[in-house]
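I have placed the structure first, in the form of structure tokens, so that the comments after it can refer back to it.
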Protein chains: 2
Amino acid sequence: MNYEEAKMKFVSTWGSLGSLWGINKAMAQIQALLFVSTKPLSMEDIMEDLKISRGNTSMNLRQLMDWGIVTKEIIPGERKEYFTTEKDVQELARIIAKERSRREIQPVIRVLKDVSSIKDDGTAKTKELIKQTKALHDLTETADDMINRLVNQKQNWITKSLLKLIK
Amino acid sequence: MNYEEAKMKFVSTWGSLGSLWGINKAMAQIQALLFVSTKPLSMEDIMEDLKISRGNTSMNLRQLMDWGIVTKEIIPGERKEYFTTEKDVQELARIIAKERSRREIQPVIRVLKDVSSIKDDGTAKTKELIKQTKALHDLTETADDMINRLVNQKQNWITKSLLKLIK
DNA sequence: ATAAACTTTCAATAATTATTGAAAGTTTAA
DNA sequence: TTAAACTTTCAATAATTATTGAAAGTTTAT
């Protein structure tokens with residue numbers, strides 16, 4: 001496997017993994033491309049390499065910037081805008097975890113709280129609904145909290161946490 | 001909010017959250033419905049409650065069974081098949097984490113390993129590709145391993161882990 | 001062996017989501 | 001102020017994914 005093959009394989013695999021962290025294919029591929037690039041890339045560069053349209057590139061770059069994963073780089077003397085992504089994997093994990101929590105997990109926690117707070121009318125089915133949604137609420141909230149703690153220990157969080165679990 | 005409203009709210013929220021754990025809406029809604037039901041439900045029951053077709057119900061129940069989340073319940077004297085879901089949230093989390101790891105994370109880890117193992121031809125771009133995919137490989141592998149350790153401590157894993165992290 | 005009761009399969013269709021491309025918008029240089 | 005260089009927007013379209021429903025398949029009771 002040569003450089004180009006390996007790069008394409010990485011970009012497309014990372015792209016199809018997008019669903020795992022809740023973003024679309026093009027968005028994940030753009031991020032992957034920037035992630036292994038030695039220098040900032042222009043919109044032209046990205047369009048050409050991934051064979052996607054200008055509009056698509058523009059929209060997905062904007063989304064990546066909203067996530068805080070990609071930043072605009074101004075190169076003096078150049079008219080074009082250039083883009084780079086966060087290169088540190090741990091910082092990347094931190095940003096992604098935080099955003100997913102905010103966008104998807106928090107709203108669900110709120111619904112679970114509402115549903116599990118309905119008035120207990122004494123029937124078995126109401127009791128079951130309350131019990132089960134409460135259990136789900138507690139699990140979701142605790143897991144979310146744990147992940148946030150983990151990722152907010154900026155330095156080497158995974159290694160540290162793992163050590164604590166093993167000992 | 002009365003029982004029916006609360007139940008529907010829970011089922012539809014959990015359904016739209018399906019994407020978070022990598023399954024489709026109907027599948028997540030069926031699981032949600034079983035999760036708060038006081039008794040096993042038949043295909044009829046599910047179709048009626050969620051207003052989805054027989055085919056859809058059948059296919060999604062099969063998938064839930066493949067995941068190991070839902071099981072068939074034979075009720076003596078009854079011709080119909082009945083279904084129940086795992087009711088314990090921690091066991092549920094364990095199953096989901098394990099399946100997602102197997103289905104999605106492991107294949108990606110393999111690709112990252114392959115890509116990061118290409119021959120270093122000395123160029124800056126090859127060095128960058130190797131370095132970055134190796135970092136991603138290590139992060140992904142360690143995170144996956146950590147999650148597996150966490151969820152395999154069947155009893156109260158979240159609480160225990162959290163305590164270890166706080167102290 | 002037959003038929004009723006039930007489940008599965010899968011081609012057709014619908015719904016959703018992503019992508020394009022061209023027009024409108026913006027910025028910069030002269 | 002003009003025009004070139006570039007980016008954004010968004011309606012139209014394409015691609016993907018989910019859903020239906022009816023025919024085929026299976027099981028059970030008689």
Pairing of E128(B) and K87(A) as salt bridge, 4.0 angstrom limit: yes

Carboxylate-amine/guanidinium contact E99(A) R102(A), below 4.0 Å: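 Counted as a salt bridge, because a side-chain N and a carboxylate O are separated by less than 4.0 Å.
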
Phosphate OP1/OP2 of dT7(D): any R79(A) side-chain N/O under 4.0 Å: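 For R79(A), the contact criterion (side-chain N or O under 4.0 Å from OP1 or OP2 of dT7(D)) is not met.
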
Expressed as a whole number of angstroms, how long is the span from [X]:[atom1] to [N]:[atom2]?
X	N	atom1	atom2	value
I75(B)	dT28(D)	CD1	C1'	17 Å
K72(A)	dT26(C)	NZ	C1'	11 Å
M43(A)	dT9(D)	CE	P	11 Å
E78(A)	dT27(C)	CD	P	19 Å
L61(B)	dT7(C)	CG	P	10 Å
Q63(B)	dA18(D)	CD	P	9 Å
L64(B)	dT7(C)	CG	P	16 Å
R62(A)	dT9(D)	CZ	C1'	10 Å

Nucleotide-resolved protein contact map, nucleotides 19-25 of chain C, B/S/- at heavy-atom distance under 4.0 Å: SBB----

Plane angle bin for W67(A) and W21(A) - parallel if under 30°, tilted between 30 and 60°, otherwise perpendicular: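 Taking W67(A) first and then W21(A), their aromatic rings stand perpendicular (interplane angle over 60°).
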
Partner nucleotide, any strand, of [N] [Watson-Crick/G-U, under 3.5 Å]:
N	value
dT17(C)	dA14(D)
dA23(C)	dT8(D)
dT28(D)	dA3(C)

side-chain hydrogen bond (donor to acceptor under 3.5 Å, both in side chains) assessment of T85(A) paired with Q31(A): CA-CA 7 Å; T85(A) 190; Q31(A) 198 276 326; 3.1 Å; yes

D66(B) side chain to Q63(B) backbone, donor-acceptor under 3.5 Å: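 Looks like no, no N/O pair under 3.5 Å.
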
Side chain to side chain, I30(B) and L41(B), heavy atoms closer than 4.5 Å: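 A side-chain contact is absent here, since even the closest heavy-atom pair is not under 4.5 Å.
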
Euclidean distance, L34(B) CG relative to I46(B) CD1, rounded to 0.5 Å: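 Going from CD1 on I46(B) over to CG on L34(B), the span is 5.0 Å.
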
